Peer 1: 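Sending over a structure as structure tokens; questions will come in a sec.
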Amino acid sequence: MKFDVKTIDQKWQQYWKDHKTYRTTNDTTKPKYYVLDMFPYPSGAGLHVGHPLGYIASDIVTRVKRQQGYNVLHPMGFDAFGLPAEQYAIDTGVHPSVSTEKNCRRYKEQMEALALSFDWDRAVNTSDPKYYKWTQWIIGQVFEHWYDNQAGKARPIQELRDHLAQRGTEGLDAAQSAPLEVTAAAWAGMTAKEQSEVLMNYRLAFRSVSYVNWCEALGTVLANDEVKDGRSERGNHPVVQKPMLQWSLRITAYAERLLAGLDTVDYSDGLKAQQRNWIGRSTGAQAFFDIEGREEPLEVFTTRPDTIFGVTFMVIAPEHELVSELTTPAQEKEIQDYLAYVGSRSEIDRQQETKVTGAFTGAYCINPLNGARVPIYIAEYVLKDYGTGAIMAVPSDDERDKRFAEKFGIEIIDVIDKSDYPGATLKDKVGKLINSDFLNGMEVPEAIVAATEKLTAMGRGEQQVNYRIRDLVFSRQRYWGEPWPIIYSEDGVPQLVDTDSLPVTLPPMEDFRAVSGISPLERATDWNQTPQGRRETDTMPATAGSNWYYLRYMDPTNDEEFVAKDVVDYWQDVDLYVGGAEHAVSHILYSRLIHKFLFDLGKVPTREPYKKLLNQGMIGAPITSIHLGIMLSDDGQRHPIWVSSSLAENSPLEIEGLGKGHLVLDESTLERNVPLRMVEETSVNNEPSYRIYKDAINAAQQDQAMDAAYLRTVLQQGSAFAWETDKDGRQFIELSYQMGKMSKRYHNVINPDDISERYGTDCFRMYEMFLGPIDQAKPWSVSGIDGVYRFLRRFWGMFTNEQDELQVTAAAATKEEMKTLHTLIKKVTEDVDKLSFNTCISAFMVATNELIKGKCHKRDVLEPMVRLIAPFAPHLAEELFAALGGEGSVHLSPWPEVEEKWLVEDSFTYPIAFNGKTRLTLDFPAGASKEEIEAEAKDHPEVAKHLEGKTIRKVIVVPKRMVNFVVG
RNA sequence: GCGGGUGUGGUGAAAUUGGUAUACACGCCAGAUUUAGGAUCUGGUGCCGCAAGGCGUGAAGGUUCGAGUCCUUUCACCCGCACCA
């Protein structure tokens, strides 16, 4: 029995594969537990050390639950549709289906090497037609439903048709794109096309012209969450706003329920806050301002109806539909110039500088409460998508309105007296109303209610709730996604493809480059022309497949339904969902939406998909930069020039002989491989950096003990770096490190394979868990892994003697040993439950240290420990379990039970404190009463010494805790 | 600006939720063993002090017999959102 991690790893990985140890059946006799990892997008870079953090954690929970007798569903799959694969395909000419398949295989191999106990028979792939058949079916159902606000749920579109046929829009309270009034008679007189357009106003998946994020470089529209700082998240290309005809999902209909549901799930506060923020609910009032010379009034939304007497102008968004109508001839030029200016500014410009700009339309509004005549402006700071795209401006009580009024010389009327609230800012909703007619003297909250009531009574407005969230643009003009299952009939009416005809598979295409807003599928004429009509050529975004994948794992091969009812009734929902925080908002929100929709249809039994969510912290890695020198600018300032290893590829400063991606140096590599004489910590203009000396490297080359081959190889390319010379004439280069995300583009990806190769998979798994709390971000560092390796050797050593023979004895365990064991069982069981894996591992170390000290080799103690450590170190546990004569796999063996009797203490060591400061400890029997302890403690000579010359004011005795003398 | 989070030894981090601060590990120091060590084992290791003792959880207050933990104020850093009416 040799401690040979590589052999043991291979042996058992093969065993698990052969025996399908981790296969999960839909065995309804056992309680279920569903542990889900966010499935990865299979990129070409493979797994890095950051990925496994969550996978290992969820795997440990899975294994513990399995041993505890649960039927555990723990699947894995691939989120294979999406832009990167397609972009890669365009760059390299490899078809996305080919590269995707290859990457999936690699991911699967790497995951198997980490001993993640997935049931691979249940694996899904979102780009597989057998899978996306059901993605199309679900989105098709969304299309076939509308949202009834009264019932608070989605209802079939046929019921809407019936309603319209009977009563028109009367009595209809539905989520809609725009207010619409249709009589039953008008409905009856409409053509199919016209009716279809009415229905489109209500469908939960609908097609409309709206402003969307258009990315020219990618040739497609993007969802809000795919845009960061005015650029595409993929590829970092500029994004502009553009009106386009697009499919969307009416997520706004579910805003309230998505918000309310957050109170019922176990997510972190931060995550819930992020979701609430994204939904962005705010309560206020709508108000109608008559426009001079126009029938229809201007509708605004405000959270401060109380300030309505302070309104001195109105502002509408430059894209507001009334702009051209309201503009007077005299203002025509000014408005046109302003619109041109706005059009010239990108999203990035808008976000970076917030200059006060705007233009007067020439039109006027009438304040419904005091009849004041106020001018209407257009300005960039009013957003077309929020509220009604129009505001009543109150310069006395709003920062932006104030700046605008000051710039354009508009009157400012104070309406809130804040003198009772020193330090209150404009934003605070406090103060007393002044200059406000019937509101005068009221406090703000009171005035808000009064003003809203007044508006309502006058029929000029009412209380209203507004959401920041916008409907989800669900069209992409790209190839590598699910085609929308829609066919347009001759008169242009969109028809859902029959379930029997699903999936609508992607046509094979040679060239699927996206050309400015026209889907590549437009060119597949054989495919998009059908006897029933023309196919929709837009595809769905990557979120389409990942919204519901957790349901497919329950029943992955079902051809009749996306999941069978009895199956989903058994598995219910995900008990623990583990994944990166980067998906915390959009992915979770969208899949909650789909889940709630399916709930409305009676297809799933729960209101929320994920009971508990764990976001693992990101593991960062250093990004290396090479210091090339100091540049002196004209003013004599010194500017260090750094070339990061990532930029080195494209840098105009050519670095010869430096192979791409070769400068992957992390701190520990340096510590481990570079003797101190070689490295000096310095700083270049306050940037911490390391200095590496050339002569030291040369010396190091002679040093056979050093395993720094690639470091030397890279650094020996001396001429490439422009070596600097210090005052002693020694040549050096300087490197800097910055912690950052592990990514292919920074060339700082650290691969788990290498670590496993050297220390074994179990050691890697335990080390990643030992790094710290799972939800905390941390830099990757390999220092410390030896400690875990040593622990595993010591653990192993309890079972074997120096000749590598099993030395486990049948001798009865002592009380102490049993206490050690059961303390450990209790701690590990509880901590796994709390997802505190790092403390589990210390507990194993503590117990092992105690048992080794007592030279314990007893089966009664060691055998349960093997079952206990199995989730953490699955290979070694398996080997030890077999050696002890265990039947089958240790991972299917029962989890050890705590026997409380071993944890009972005979005596307890009390800290004895004086005025709260601990001075000594004393042992008392566990059953001793407060009085006994107090009396005995007082009599103790050591205690008496501390009490000498002092009066005891009070004695506090907390049994099993401590004793405190309050003295004076 | 708004929202969320984090500040504890040289380092990663513990602390039964108000009860002996620094468990466990890395690193370092000393010793043993060894031809050698990126091996193994033993002991030590918060700071000041010769000691008695004192001081210590970003800072300042407060509540309490007792505070890393609760409250108030404040500082620093990280993440998310941001002209949201």
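Worth saying up front: this structure is predicted, and the values here are computed from it rather than measured. The sequence lines fix the lettering, A, B, ..., with proteins before strands; numbering per chain opens at 1.
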Peer 1: Taking atom P in both B:rG56 and B:rG10, what distance in whole Å separates the two?
Peer 2: 16 Å
Peer 1: With respect to the side chain of A:Asn849, which nucleotide from B:rC81, B:rA85, B:rA25 is positioned closest?
Peer 2: B:rA25
Peer 1: Would you please classify the geometry between the A:Phe799 ring and the A:Phe795 ring as parallel, tilted or perpendicular, with 30° and 60° separating the classes?
Peer 2: tilted
Peer 1: Return the pairing partner of B:rG37 with a 3.5 Å limit on both distances, Watson-Crick or G-U wobble; otherwise return none.
Peer 2: none
Peer 1: For A:Phe872, what residues pass the ring-ring contact (aromatic ring centres under 6.0 Å, His included) criterion, not counting sequence neighbours?
Peer 2: A:Phe844
Peer 1: Does A:Arg961 place a side-chain N or O at less than 4.0 Å from the phosphate oxygens OP1/OP2 of B:rU16?
Peer 2: no
Peer 1: Suppose we screen for salt bridge (Lys or Arg N to Asp or Glu O under 4.0 Å). Which residues come up paired with A:Asp266, at least two apart in sequence or across chains?
Peer 2: A:Lys612
Peer 1: Any chance the side chains of A:Asp471 and A:Thr252 put a donor and an acceptor closer than 3.5 Å?
Peer 2: yes
Peer 1: I need the OH-C1' distance between A:Tyr386 and B:rC81, as an integer number of Å.
Peer 2: 14 Å
Peer 1: Applying a 4.0 Å non-hydrogen cut-off, can you work out what A:Thr918 is touching in the nucleic acid: base, sugar-phosphate, or nothing?
Peer 2: sugar-phosphate
Peer 1: Taking only the C1' atom of each, what is the distance from B:rG9 to B:rC47 in whole angstrom?
Peer 2: 9 Å
Peer 1: Can you tell me which nucleotide in B:rC83, B:rC24, B:rU42 comes closest to the side chain of A:Glu380?
Peer 2: B:rC83
Peer 1: With P as the reference atom in both, quote the distance from B:rC28 to B:rU22 in angstrom, rounded to an integer.
Peer 2: 24 Å
Peer 1: Provide the distance between the two C1' atoms, one in B:rU16 and one in B:rU69, to the nearest whole Å.
Peer 2: 13 Å
Peer 1: Give the rounded distance in Å between these two atoms: CD1 of A:Ile755 and P of B:rG38.
Peer 2: 19 Å
Peer 1: Should B:rG1 form a Watson-Crick or G-U wobble pair with both distances under 3.5 Å, which nucleotide is its partner?
Peer 2: B:rC81
Peer 1: Would you measure the distance from the P atom in B:rC24 across to the matching atom in B:rU33 and give it in whole Å?
Peer 2: 27 Å
Peer 1: Mind checking what makes salt bridge (Lys or Arg N to Asp or Glu O under 4.0 Å) contact with A:Glu850, not counting sequence neighbours?
Peer 2: none
Peer 1: Distance only, no hydrogens: is a donor on one side chain within 3.5 Å (strictly under) of an acceptor on the other, for A:Tyr338 and A:Thr357?
Peer 2: yes
Peer 1: Shorter than 3.5 Å, N or O on both sides, protein versus nucleotides 65-72 of chain B: list them out with atom names.
Peer 2:
residue : atom : partner  : partner atom : Å
B:rC65  : O2'  : A:Asn964 : ND2          : 3.1
B:rC65  : O2   : A:Asn964 : ND2          : 2.7

Peer 1: Checking all strands, does A:Arg403 fall into the base, sugar-phosphate, or nothing category for heavy-atom contacts under 4.0 angstrom?
Peer 2: base
Peer 1: What is the distance from CD of A:Glu582 to C1' of B:rC81, rounded to the nearest Å?
Peer 2: 17 Å
Peer 1: Give A:Val300 one of three labels, base, sugar-phosphate or nothing, depending on what nucleic acid heavy atoms sit under 4.0 Å from its own.
Peer 2: nothing
Peer 1: Tell which nucleotide pairs with B:rA30, taking only Watson-Crick or G-U wobble pairs whose two distances are both under 3.5 angstrom.
Peer 2: B:rU42
Peer 1: Want to settle it: does A:Lys960 or A:Ser836 sit nearer the 5' end of RNA chain B, counting the closest nucleotide to each?
Peer 2: A:Ser836
Peer 1: A:Asp831 or A:Ala843: which one's nearest nucleotide on RNA chain B is closer to the 5' end?
Peer 2: A:Asp831
Peer 1: Check whether the side chains of A:Thr839 and A:Ser842 place a donor and an acceptor atom closer than 3.5 Å, and report yes or no.
Peer 2: no
Peer 1: Measure from the side chain of A:Leu383, starting at C-beta and using heavy atoms only, and say which of B:rC41, B:rA85, B:rA23 lies closest.
Peer 2: B:rA85
Peer 1: Rounded to whole angstrom units, what separation is found between the CZ atom of A:Phe289 and the C1' atom of B:rA85?
Peer 2: 12 Å
Peer 1: Kindly say if A:Arg790 contacts the phosphate of B:rC26, meaning a side-chain N or O under 4.0 Å from OP1 or OP2.
Peer 2: yes
Peer 1: Strictly by Watson-Crick or wobble contacts shorter than 3.5 Å, is anything paired with B:rU64, and which nucleotide is it?
Peer 2: none
Peer 1: Tell me, please, which residues at least two apart from A:Lys6 pass salt bridge (Lys or Arg N to Asp or Glu O under 4.0 Å).
Peer 2: A:Glu757
Peer 1: Test of understanding: with salt bridge (Lys or Arg N to Asp or Glu O under 4.0 Å), list the residues that count as partners of A:Lys819, not counting sequence neighbours.
Peer 2: A:Glu905
Peer 1: With sequence neighbours left out, what residues match A:Phe288 under ring-ring contact (aromatic ring centres under 6.0 Å, His included)?
Peer 2: none
Peer 1: Within this structure, what is the OH-to-P distance between A:Tyr789 and B:rG37, rounded to whole angstrom?
Peer 2: 19 Å
Peer 1: Not counting sequence neighbours, which residues clear ring-ring contact (aromatic ring centres under 6.0 Å, His included) with A:Phe914? List them please.
Peer 2: A:His946, A:Phe965
Peer 1: Distance check, C1' atoms only: B:rU57 and B:rA67, in whole angstrom units.
Peer 2: 11 Å
Peer 1: Choose from B:rU42, B:rU20, B:rC81 the nucleotide whose nearest atom is closest to any side-chain atom of A:Thr921.
Peer 2: B:rU20
Peer 1: Tell me whether the centres of the aromatic rings in A:Tyr377 and A:Phe408 are closer together than 6.0 Å.
Peer 2: yes
Peer 1: Just grab all the salt bridge (charged side-chain N to carboxylate O under 4.0 Å, His left out) pairs involving residues 386-401 of chain A, residues at least two apart or on different chains.
Peer 2: A:Arg304-A:Asp397, A:Asp397-A:Lys418, A:Asp398-A:Arg400
Peer 1: Atom CD of A:Glu399 and atom P of B:rC83: how far apart are they, to the nearest Å?
Peer 2: 15 Å
Peer 1: Strictly by side-chain hydrogen bond (donor to acceptor under 3.5 Å, both in side chains), give each pair with a member in residues 273-284 of chain A just once, sequence neighbours left out.
Peer 2: A:Glu256-A:Arg281, A:Asp263-A:Arg276, A:Gln275-A:Arg592, A:Arg281-A:Thr283, A:Ser282-A:Tyr386
Peer 1: Answer yes if the ring centres of A:Phe313 and A:Phe404 are under 6.0 angstrom apart, and no otherwise.
Peer 2: yes
Peer 1: Quick one: what's the B/S/- string for nucleotides 2-13 of chain B, heavy-atom cutoff under 4.0 Å, read 5' to 3'?
Peer 2: -SSS------BS
Peer 1: Paired with B:rC47: which nucleotide, if any, by Watson-Crick or G-U wobble criteria at under 3.5 Å for both distances?
Peer 2: B:rG54
Peer 1: What is the distance from OH of A:Tyr467 to P of B:rA82, rounded to the nearest Å?
Peer 2: 19 Å
Peer 1: Atom CD of A:Glu299 and atom P of B:rA85: how far apart are they, to the nearest Å?
Peer 2: 16 Å
Peer 1: Check the interface with nucleotides 51-56 of chain B: list each N/O to N/O pair with the protein under 3.5 Å, or write none.
Peer 2:
residue : atom : partner  : partner atom : Å
B:rG54  : OP1  : A:Arg919 : NH2          : 3.4
B:rG54  : OP2  : A:Arg919 : NH2          : 3.3

Peer 1: Could you work out the separation of B:rA14 and B:rG62 based on their C1' atoms and round it to a whole Å?
Peer 2: 28 Å
Peer 1: Is B:rU17 syn or is it anti, if syn means the base angle is within 90 degrees of 0?
Peer 2: syn
Peer 1: For the side chain of A:Arg400, starting at C-beta, report the closest nucleotide among B:rG43, B:rC24, B:rC83.
Peer 2: B:rC83
Peer 1: What's the base orientation of B:rG9: syn (chi within 90° of 0) or anti?
Peer 2: syn
Peer 1: With rounding to whole Å, what would you report as the distance between B:rU17 and B:rG12 at their P atoms?
Peer 2: 27 Å
Peer 1: Applying the Watson-Crick and G-U wobble criteria at under 3.5 Å, what pairs with B:rU6? Answer none if nothing qualifies.
Peer 2: B:rA76
